[in-house]
Q: 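Here you go, one structure.
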Amino acid sequence: MSAQGKKDHTHWLYIGVIVAVILGVAFGLLFPDQGQSLKILGTMFVGLVKMMIAPIIFCTIVLGIGHVREAATVGRAGGIALVYFIVMSTFALAVGLVVGNIIKPGTGLDISGDGSRARALVDSGAAESQGLAGFISSIIPETMISSLTSGKILQTLFIALLVGFALQSMPEKTAAPVLHGIELAQGVVFKVLSMVLWVAPVGTFGAMAAVVGRNGLSAVGSLLTLMLGFYVTCVIFIVVVLGGVLWACTRINILKLLRYLGREYLLIVGTSSSESALPTLMQKMQFVGVQRSTVGIVVPTGYSFNLDGTAIYLTMASIFIADGMGIDMGIGEQIGLLVFMIVASKGAAGVSGAGIATLAAGLQAHRPEMLGGVDVITGIDRFMSEARSLTNFTGNAVATLLVARWTGTLDRDRARQVLDREVTFTPEAVGAA
């Protein structure tokens, strides 16, 4: 019932962003000079998102390591699941990297903004760091608290890893209350983020008016190219990659699985969050023939570690911004940026808007001069979040079936009956089972 309430509220935000995009494009075309002056609205919105980055990264990384601890206690299923999540997320990043470099959606677009000023700051910071030793030294914060206030994301990540592993090594009765407290803090952080996202229409209007005022209709074409390229990539990844692995290992047709999860997809589209469908996914995976213990570890852990859609989004959005700002990123640098994002994105799958926060965090840590291009992405992020969440959700459903197959906890006859609609899903039937 609560999910339905979230759906209603998010629906209005979704409409607001659509209206803001249309008005921003129209204003930029009719009043190009004034449109460019509205860039400050997009910049301020990115600032609001930016202030949320450090607490989001801290909470999600610490709790993510907590999930690893939980997975390890389950033994074989947890270990297989974690290895699969890492491999598949990395593969998804590679797919997005290839597609992004092929279509180059931001080529010809001018979203440089204040890039020269940011580049000067980066150059001065690089001069200070003096190579690898300086870079490593810059990761160590003055205090644990300053890592959350300095704005240096790698420091936040470093402290989060230390805290996470410290909690992992402590007795469970001691660590559990701390992890619970961090979970409560994360809930507050994401609540604040959801409040910030209600300003998205204002930021979107300013960003779209500015980019269209500067580039004309070519900006719209570039954004549509990115959107369509992302959607097509997600579809190909689901049907070809996930579908191929699922069929090879379980002989289950991905299209039948998609049909089985149809109602959950509608809920995700309405909320832009795969987390809204998590409880039903666990019920349906158990109903389809996966043992309760496997469902209990793979699905929750997958929501933190198995982020196929987010991985594709991060790669393509980064390449789009680099192209639009005229920044030449080599393959090696792209891979370095995306390796950081693999870690930083853990725990963001179910939260609407966390994808763009992760994008901002990765760019700030590796190429701060590109952070000014994030405000353009906010104009279409809402349209990309559905595909992102749907891909994450599908990836977790497939992962549950695969891990169950590899650990011998999948009833294949039951799966065939359910997916062929010989047996109809009801929550009561799961409880009875």
Side-chain angles (χ1 to χ4, degrees), residues 52-90 132-133 135-150 152-190 275 278 292-307 310 339-351 354 357-358 361-362 365 396 399-400 403 406-407:
M52 305 301 303
I53 292 174
I56 286 175
I57 293 297
F58 179 81
C59 291
T60 54
I61 294 301
V62 172
L63 293 176
I65 295 176
H67 284 303
V68 173
R69 177 177 186 162
E70 293 168 13
T73 63
V74 180
R76 188 178 173 210
I80 291 175
L82 289 173
V83 171
Y84 172 81
F85 294 156
I86 293 172
V87 171
M88 194 54 68
S89 292
T90 304
L132 180 61
F135 171 74
I136 295 175
S137 177
S138 69
I139 297 176
I140 303 174
E142 293 185 10
T143 67
M144 291 181 67
I145 301 300
S146 68
S147 67
L148 298 174
T149 60
S150 65
K152 296 181 179 179
I153 300 304
L154 289 180
Q155 292 185 1
T156 305
L157 180 61
F158 175 67
I159 293 299
L161 289 171
L162 290 181
V163 173
F165 285 119
L167 289 172
Q168 188 184 73
S169 64
M170 294 169 66
E172 185 173 354
K173 65 179 181 180
T174 304
V178 179
L179 287 171
H180 179 64
I182 295 176
E183 276 187 353
L184 295 177
Q186 184 189 49
V188 174
V189 169
F190 281 139
E275 191 175 58
L278 185 150
R292 187 192 302 269
S293 60
T294 301
V295 173
I297 185 58
V298 176
V299 174
T301 307
Y303 264 70
S304 287
F305 284 87
N306 194 32
L307 309 173
T310 302
V339 165
F340 172 83
M341 288 184 175
I342 289 178
V343 179
S345 63
K346 302 313 176 189
V351 183
T358 302
N396 286 319
T400 305
V403 173
W406 293 330
T407 56

Q: How would you list, by chain and number, every residue that makes a side chain to side chain donor-acceptor pair (under 3.5 Å) with Thr174, sequence neighbours excluded?
A: none
Q: I need the minimum non-hydrogen distance between Pro55 and Val189, along with the two atoms involved.
A: CB-CG2, 3.8 Å
Q: Could you measure the distance from the CZ atom of Phe58 to the CG atom of Leu161? Nearest 0.5 Å is fine.
A: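 Going from the CZ atom of Phe58 to the CG atom of Leu161 covers 10.5 Å.
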Q: Can you confirm whether Val163 sits close enough to Met144 that some side-chain heavy atom of one is under 4.5 Å from a side-chain heavy atom of the other?
A: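 Answer yes - side chains close enough.
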Q: If I compare all heavy atoms of Val62 with all of Ala160, which pair ends up nearest, and what's the gap?
A: CG2-O, 3.5 Å
Q: Just to verify, what does Pro141 make a side-chain contact (heavy atoms from CB on, under 4.5 Å) with, not counting sequence neighbours?
A: Ser146, Ser147, Gln155, Phe158, Ile159
Q: Say you draw a straight line from OG1 of Thr407 to CD1 of Ile80; how long is it, rounded to the nearest 0.5 Å?
A: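 Result: 6.0 Å between the selected atoms.
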Q: Taking the side chain as every heavy atom from C-beta outward, state whether Val299 and Asn396 have any pair of such atoms under 4.5 Å apart.
A: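 No, their side chains stay 4.5 Å or more apart.
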Q: Identify the two heavy atoms, one from Leu148 and one from Thr156, that lie closest to each other, and give their separation to 0.1 Å.
A: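 Shortest heavy-atom contact: CD2-CG2, 3.8 Å.
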Q: Is a side-chain N or O of Ser169 found less than 3.5 angstrom from the main chain of Ala166, in a donor-acceptor match?
A: yes
